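Comments concern the structure below.
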Number of protein chains: 2
Amino acid sequence: MNDRQHEPFALTERKKAILRAVIDVHIRMGEPVGSKFLLQDQQFSLSSATIRNEMAELEEMGYLEQPHTSAGRIPSPAGYRLYVDSLMTRYSVSKQETTRAAAIAAQKTDAVKKVLEQASRLVTEFTQYTSLYMYGGEVAESVLRFNSVWVDDVSFILVMTLSDGSVQSRGVQSPIPLDPDGLKSVTEVLNRNLSDVPMEKINLPLILRMEEQLGRFGPVMSPVMKTVYDIIGDPSPVELHFTGLNRILRYPEFSDILRVQKLFDLFESEEEITRLILDAVPGQVQIVIGSQTEIPGMEGATMIFRSFAESGHPISAIGLIGPSRMEYARSVALIGLLADNVERSIGHTA
Amino acid sequence: MNDRQHEPFALTERKKAILRAVIDVHIRMGEPVGSKFLLQDQQFSLSSATIRNEMAELEEMGYLEQPHTSAGRIPSPAGYRLYVDSLMTRYSVSKQETTRAAAIAAQKTDAVKKVLEQASRLVTEFTQYTSLYMYGGEVAESVLRFNSVWVDDVSFILVMTLSDGSVQSRGVQSPIPLDPDGLKSVTEVLNRNLSDVPMEKINLPLILRMEEQLGRFGPVMSPVMKTVYDIIGDPSPVELHFTGLNRILRYPEFSDILRVQKLFDLFESEEEITRLILDAVPGQVQIVIGSQTEIPGMEGATMIFRSFAESGHPISAIGLIGPSRMEYARSVALIGLLADNVERSIGHTA
DNA sequence: ATTAGCAGTCTTGCCTTTTGAGTGCTAACA
DNA sequence: TGTTAGCACTCAAAAGGCAAGACTGCTAAT
């Protein structure tokens with residue numbers, strides 16, 4: 001219907017070069033970049049007028065935009081997208097960064113959360129952007145084996161080896177006096193009836209049957225089952241943590257308090273960001289350019305992250321959030337490096 | 001030396017009433033309050049001129065200040081101090097608040113941190129201010145007793161009952177094949193040599209002696225000692241967590257991005273706030289009016305908190321941070337209520 | 001296809017003016 | 001002696017006007 005049958009512009013090499021230059025400069029300076037400045041900053045064997053023409057076409061193609069008529073150009077979300085997908089020059093991590101990151105893999109603590117947190121701290125330290133980590137409530141399906149340690153007449157320690165390989169222990173108060181032999185039979189009954197039984201299969205008949213088998217030690221079941229439920233019962237909700245929230249405030253695009261408010265509302269609700277991570281393909285660095293999404297509050301911000309999967313779906317992640325005008329190459333490389341090390345570390349424990 | 005021998009003003013009841021009124025109104029409106037407005041808002045049987053005189057004297061006494069000559073008065077830090085100490089009208093918590101808060105004490109999970117976190121969430125939900133909790137690295141002094149659970153030839157689980165009453169377990173990989181009897185003797189040696197021995201007393205000669213006692217199982221000591229060190233060795237640093245950081249952005253006194261930056265820098269460093277809590281008297285609600293301290297970034301903000309002590313010194317805390325213009329009475333009451341419940345809850349576990 | 005030159009646009013900074021809220025002071029009053 | 005009405009004064013904040021400067025788009029020449 002539109003009469004303007006407009007020969008679509010081709011993305012020539014020269015256009016690419018100019019687009020890259022514009023984005024590079026904008027990332028460095030944070031301000032709209034004009035044809036004249038571009039000319040003297042980067043070396044092009046062209047005149048400013050030609051660059052102006054090219055920039056006008058790049059704008060029509062949707063890669064650049066103009067805050068107002070008499071201003072320079074800034075990259076559009078689509079421009080950033082093209083940039084990160086195929087324009088930017090790779091960054092290779094420094095020796096020092098590699099070494100520091102390796103420390104994550106070195107410590108093989110059981111605690112996945114600690115590893116993620118440390119990685120997240122390093123992200124902020126390296127990049128100076130706000131970093132985040134998601135920690136999925138990795139709830140074991142079932143208890144593989146029960147062991148117990150006798151403490152005194154009314155208390156003992158229940159040690160549970162879980163289906164995910166981890167080990168949890170809890171103190172249990174017994175409502176009746178219990179000698180070491182009694183405890184032994186309790187443990188046996190638990191192993192016989194509950195080994196590798198998922199939570200949803202543990203029902204009242206089963207519990208009653210166990211109480212019966214225990215005879216006079218039956219009353220012990222009540223606190224024991226409470227403890228079991230505590231361990232494999234309710235899937236603790238996904239956690240989302242941020243480090244270096246002050247960092248994002250340093251950028252002029254977030255000098256408007258209203259924008260910061262919206263961004264922090266987004267952080268606080270946790271929901272949107274969590275879903276973003278859960279929906280993404282695990283194992284590779286993702287770049288989400290805020291204004292390309294429908295997520296309120298993400299305008300002008302970009303999130304880079306990589307998630308870690310367990311049996312197929314993402315369960316945890318590390319990443320960063322900064323202005324869309326961001327050092328992409330470096331950020332992507334560093335998230336990749338740190339994620340590699342996290343993966344190695346939590347792989348070790350399994 | 002100063003010739004101006006100025007009869008010091010007395011803090012008459014009328015002055016108190018006016019000061020209270022000024023602060024009440026300022027808390028509600030957020031703007032400097034003038035004599036005329038005060039008159040029509042609250043009912044005084046006085047003229048605006050009289051109030052002006054009184055306010056001028058209150059200013060000279062240091063309780064009020066004037067942003068500029070032609071503005072109303074705002075409370076000074078000292079004014080707020082007087083207000084919270086003796087002027088404000090008590091707030092009594094609602095039935096609903098009491099009930100909700102009681103849920104904290106109800107769940108007696110081992111995890112102190114979880115309790116603090118939940119309390120912190122409730123603080124924000126109730127008051128709509130940014131809340132925080134501090135969680136002190138409660139490191140046990142020593143291991144009271146070792147128990148072990150045999151898993152397979154090369155791995156076992158070490159269960160340690162600590163001096164603070166808690167129980168920790170860790171999987172250990174053995175460098176040499178180990179049968180159940182071997183594990184038993186390892187455990188015996190540990191109990192004989194390390195029971196209730198504080199970290200600083202565990203030195204190389206002691207470890208060597210144990211290896212000797214173990215004979216061919218000596219090599220097991222290395223991973224075991226690593227685990228022990230992991231549990232009682234390095235005091236994990238004090239943690240400080242915030243909830244509802246977006247809340248503070250809603251107040252006009254924090255609409256200036258520079259102020260917000262400084263405040264968030266303060267949050268991020270954690271050091272100053274941690275010390276504030278550690279230096280305070282535990283067990284009672286503390287009110288720290290930012291501008292009365294030397295802490296950079298606290299200007300215009302007020303922190304209300306209560307800490308929990310263990311053997312005398314503060315180890316954890318919950319609290320909130322908001323603008324100095326804050327609903328003090330309600331905030332204090334709610335922090336008190338929630339802290340009571342936290343105390344009850346973590347008391348139960350001990 | 002490229003470029004020089006120029007008119008046109010729109011933000012930004014700066015200065016001045018106006019407005020209005022609130023004060024302090026003086027003089028009258030109970 | 002304490003209280004009040006009235007008035008001149010101050011100062012921040014808002015509104016308006018003006019000049020500077022940075023870029024652009026377009027036209028015409030190369």
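From a predicted model like this one, the values you see are computed outputs, not experimental measurements. Computation of the quantities below employed the complete heavy-atom set of this structure, encompassing side-chain atoms and omitting hydrogens, waters and symmetry-equivalent molecules. Below, chain A is the first sequence line, B the second, and so on; all start at residue 1.
Side chains of Asp24(A) and Arg20(A) form a contact here, defined as non-hydrogen atoms less than 4.5 Å apart.
Partner of Met303(B) under the side chain to side chain contact (heavy atoms under 4.5 Å, CB included) criterion, chosen from Leu276(B), Ile295(B), Ile287(B): Leu276(B).
Nearer the 5' end of DNA chain D, as judged by each residue's closest nucleotide, is the contact made by Ser45(B), out of Ser45(B) and Pro67(B).
No donor-acceptor pair closer than 3.5 Å links the side chain of Glu268(A) to the backbone N or O of Asn246(B).
Residues satisfying the side-chain hydrogen bond (donor to acceptor under 3.5 Å, both in side chains) criterion with Glu31(A), sequence neighbours excluded, are absent altogether.
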| task | Under the salt bridge (charged side-chain N to carboxylate O under 4.0 Å, His left out) rule, what do Glu299(A) and Arg259(A) come out as? Steps first, then yes or no, please. | result | CA-CA 8 Å; Glu299(A) 305 89 11; Arg259(A) 183 170 236 127; 5.1 Å; no

| task | Could you walk me through whether Leu240(B) and Tyr133(B) pass the side chain to side chain contact (heavy atoms under 4.5 Å, CB included) test, one step at a time? | result | CA-CA 6 Å; Leu240(B) 193 63; Tyr133(B) 70 91; over 6 Å; no

| task | May I have the step-by-step check of side chain to side chain contact (heavy atoms under 4.5 Å, CB included) for Leu19(A) and Lys16(A), ending in yes or no? | result | CA-CA 5 Å; Leu19(A) 182 56; Lys16(A) 280 189 194 174; 5.7 Å; no

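The minimum heavy-atom distance between Met326(A) and Ile321(A), with the atom names listed, is CE-C, 4.3 Å. Contact record, Gln66(A) with Ala71(A): NE2-O, 3.4 Å, taken as the closest heavy-atom pair.
The salt bridge (Lys or Arg N to Asp or Glu O under 4.0 Å) contacts involving residues 44-58 of chain B comprise Arg14(B)-Glu54(B), Lys15(B)-Glu54(B), Lys15(B)-Glu57(B), where partners must be two or more places apart or lie in separate chains.
Of the residues in residues 11-24 of chain A, none lies under 4.0 Å from DNA chain D by heavy-atom distance.
The aromatic ring centroids of Tyr80(B) and Tyr83(B) lie 6.0 Å or more from each other.
Between the two ends of the helix from dA1(C)-dT30(D) to dA30(C)-dT1(D), each summarised by a five-pair axis, the helix axis turns through 20° (rounded to 10 degrees).
A salt bridge links Arg330(A) and Glu97(A); the closest N-O separation between the charged side-chain nitrogens and carboxylate oxygens is under 4.0 Å.
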| query | How would nucleotides 12-29 of chain C be written as a contact map, 5' to 3', with B for base contact, S for sugar-phosphate-only contact and - for no contact, using protein heavy atoms under 4.0 Å? | reply | ---------BSBB-----

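Taking the 5' to 3' direction, DNA chain D first and last meets chain B under 4.0 angstrom from a heavy atom at dT3(D) to dA12(D).
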